[in-house]
2 protein chains.
Amino acid sequence: MAAQRKISERTVERISRYRRLLESIHATSDNPFIYSHEIASLCGLTAAQVRRDLMTIGFSGSSARGYEVAELLRSASSFLGFSHERRMALVGIGYLGRALLDYFVDRNPLFKLCAAFDADPGKVDRVIHGVRCYPVTQLKTVLATHQVSTGIITVPADAAQNIAWELVEAGVTGILNFAPVQIRVPANVFIENLDLTSALEKVAYFAGNFSDKERTKK
Amino acid sequence: MAAQRKISERTVERISRYRRLLESIHATSDNPFIYSHEIASLCGLTAAQVRRDLMTIGFSGSSARGYEVAELLRSASSFLGFSHERRMALVGIGYLGRALLDYFVDRNPLFKLCAAFDADPGKVDRVIHGVRCYPVTQLKTVLATHQVSTGIITVPADAAQNIAWELVEAGVTGILNFAPVQIRVPANVFIENLDLTSALEKVAYFAGNFSDKERTKK
DNA sequence: CGCTTACTGTGAAAAGATTAACAGCGTTAA
DNA sequence: TTAACGCTGTTAATCTTTTCACAGTAAGCG
């Protein structure tokens with residue numbers, strides 16, 4: 001729809017963070033305006049970066065008063081697609097899967113986690129954190145009835161690629177993958193690989209080699 | 001110690017992924033050599049990138065035969081600091097905290113999760129997934145006895161910054177933060193903010209706006 | 001009113017990360 | 001032994017992201 005071109009992943013992530021920040025500010029502060037440098041400082045960024053991000057989503061503030069909180073909140077929400085409901089499914093009901101169910105359910109009513117799947121018969125046919133659990137064999141049929149656009153993968157590494165393919169065949173166009181393998185998908189599907197092990201090893205690396213060295217900017 | 005300078009976060013993350021890949025290849029394949037383009041294809045990268053990464057950690061292969069798997073595995077492990085044990089602590093024993101305990105415990109014997117903390121008295125003074133749980137009030141004393149270098153934060157957003165400060169005061173030099181706030185730490189401490197909500201919103205964004213547009217390269 | 005101030009919006013510069021390109025070399029095959 | 005091949009190591013080019021810097025502008029103040 002909106003024909004903006006090539007907005008970077010980094011920018012989208014930051015917009016998401018701004019949005020949440022603004023939500024909280026909107027609820028607690030009575031000042032209806034906010035400056036780029038205030039947002040920046042609360043998000044650990046530079047003011048220039050914030051201004052540029054807002055520029056790319058086409059939001060304008062007022063010089064001398066800054067940005068109107070309510071308006072910007074609305075604009076960021078609309079940019080992120082909060083205007084319509086998204087349906088999501090989770091595959092892999094291990095500890096991590098359950099934690100994510102708990103984490104995502106009811107956090108945002110427009111991001112509806114409407115089904116969970118697992119290969120273990122002992123884990124299915126019940127409701128966890130308000131989400132119905134199905135055998136993974138029924139993935140395609142269940143997803144077809146639910147119009148799911150986004151999938152979350154928390155299965156073991158060796159099963160992840162197959163699950164991804166099934167999700168894609170079922171019409172999913174975005175995948176958040178926690179399995180520690182690089183998953184390949186068709187070019188028209190977006191995949192975000194979130195590798196907890198390498199995140200931790202990175203922290204451990206820099207925790208060790210850091211007193212003397214600067215961190216290269218994020 | 002090793003006086004390499006300014007190795008980027010991205011590179012460290014990739015080295016970690018290479019390492020895991022090599023571990024698996026070393027265990028299953030009988031071919032003692034591997035080419036950069038093989039690693040690249042398995043990790044979803046270009047061969048040039050792999051060669052450059054290995055260059056930055058100072059590893060050399062042989063022309064015409066590629067890289068010796070066992071050697072490279074050793075070299076990557078040593079680069080990542082697997083030569084000595086790291087001790088880690090986790091703060092916040094909610095669903096996510098428990099999932100991470102399960103995820104990280106015994107995954108790598110050199111990354112020892114040796115204590116968990118929570119503010120809720122009902123959750124402490126027991127052992128979860130092999131890790132002893134303490135009241136968060138004892139954080140500093142317990143960490144002092146354990147020589148912990150790395151902390152994992154899975155507490156609610158409003159408590160995260162305070163916990164970070166306490167971790168830093170206790171001598172932690174690297175933090176992996178899952179709370180959805182940007183945490184500030186002194187310049188000599190490394191922090192990685194892993195924001196699940198913005199990761200998901202990013203996926204949802206690109207899942208929606210993607211048929212027509214290229215993803216900007218990671 | 002006009003002056004001052006401090007902000008936004010944005011082109012241009014800088015920094016950082018990735019990819020291209022190729023010289024040089026070890027291996028293999030003839 | 002030599003020639004051909006296909007790899008690595010690395011420099012240079014390109015592409016991306018961030019930061020700088022400043023013109024333009026609205027609000028507040030005297």
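Per chain, numbering begins at 1; letters A, B, ... match sequence-line order.
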| The side chain of B:Ser60 lies closest to which of these nucleotides: C:dA20, C:dT8, D:dG9? | D:dG9
| said: Of the listed nucleotides (D:dT17, D:dC7, C:dC7), which one gets closest to any side-chain atom of B:His37? | reply: D:dC7
| request: For this output row, return yes or no: ring centroids of B:Phe79 and A:Tyr205 closer than 6.0 angstrom. | output: yes
| field | Rounded interatomic separation in angstrom, taking CD from A:Glu68 and C1' from C:dC7 | value | 16 Å
| request: Determine: side-chain N/O of B:Gln49 to OP1/OP2 of C:dA17, distance under 4.0 Å, yes or no. | output: no
| request: Just call it for B:Arg65: base, sugar-phosphate, or nothing, with non-hydrogen atoms closer than 4.0 Å on any strand. | output: sugar-phosphate
| message | Given the ring of A:Tyr103, does A:Arg107 sit roughly above its face, with NZ or CZ under 6.0 Å from the centre of the six-membered ring and within 45° of the axis? | response | yes
| Within less than 4.0 Å of OP1 or OP2 of C:dA21, is there a side-chain N or O belonging to B:Arg51? | no
| said: Check the phosphate of C:dG9 against A:Tyr67, side-chain N and O only, distance under 4.0 Å to OP1 or OP2. Yes or no? | reply: yes
| remark: On DNA chain D, more 5' by nearest nucleotide between A:Asp53 and A:Ser62 is A:Asp53
| remark: Whole-Å distance, A:Asn31 CG to D:dA27 C1', equals 14 Å
| message | For A:Phe111 and A:Phe82: C-alpha separation, side-chain torsions, deciding distance, then whether ring pair (Phe, Tyr, Trp, His ring centres under 6.0 Å) applies. | response | CA-CA 8 Å; A:Phe111 282 62; A:Phe82 283 28; 5.4 Å; yes
| field | Atom-pair distance (CE on A:Met55; P on D:dT17), nearest Å | value | 14 Å
| note | Taking for A:Leu45 and for A:Ser63 the nucleotide of DNA chain D with the nearest heavy atom, the one nearer the 5' end belongs to A:Leu45
| Given D:dT18, is OP1 or OP2 found less than 4.0 Å from the side-chain N or O atoms of A:Arg14? | yes
| said: Rounding to an integer number of Å, can you tell me how far A:Glu13 CD sits from D:dT17 C1'? | reply: 14 Å
| field | B:Ile34 CD1 - D:dT8 C1' separation (whole Å) | value | 15 Å
| query | Can you tell me if CG on B:Asp106 sees more than 12 non-hydrogen neighbours from other groups inside 6.0 Å? | reply | no
| query | Hey, is CD on B:Glu85 packed in by over 12 heavy atoms from elsewhere, all under 6.0 Å? | reply | yes
| Out of D:dC7, C:dT10, C:dT19, whichever nucleotide has its closest atom nearest the side chain of A:Arg52 | C:dT10
| task | Take atom CZ of A:Phe33 and atom P of C:dA6, then tell me their distance rounded to the nearest Å. | result | 18 Å
| Rounded distance (Å) that lies between atom C1' of C:dA17 and atom CD1 of B:Ile15 | 15 Å
| Contact class for B:Thr11 (heavy atom, under 4.0 Å): base, sugar-phosphate, or nothing? | nothing
| To the nearest Å, how far apart are A:Arg10 CZ and D:dT16 P? | 13 Å
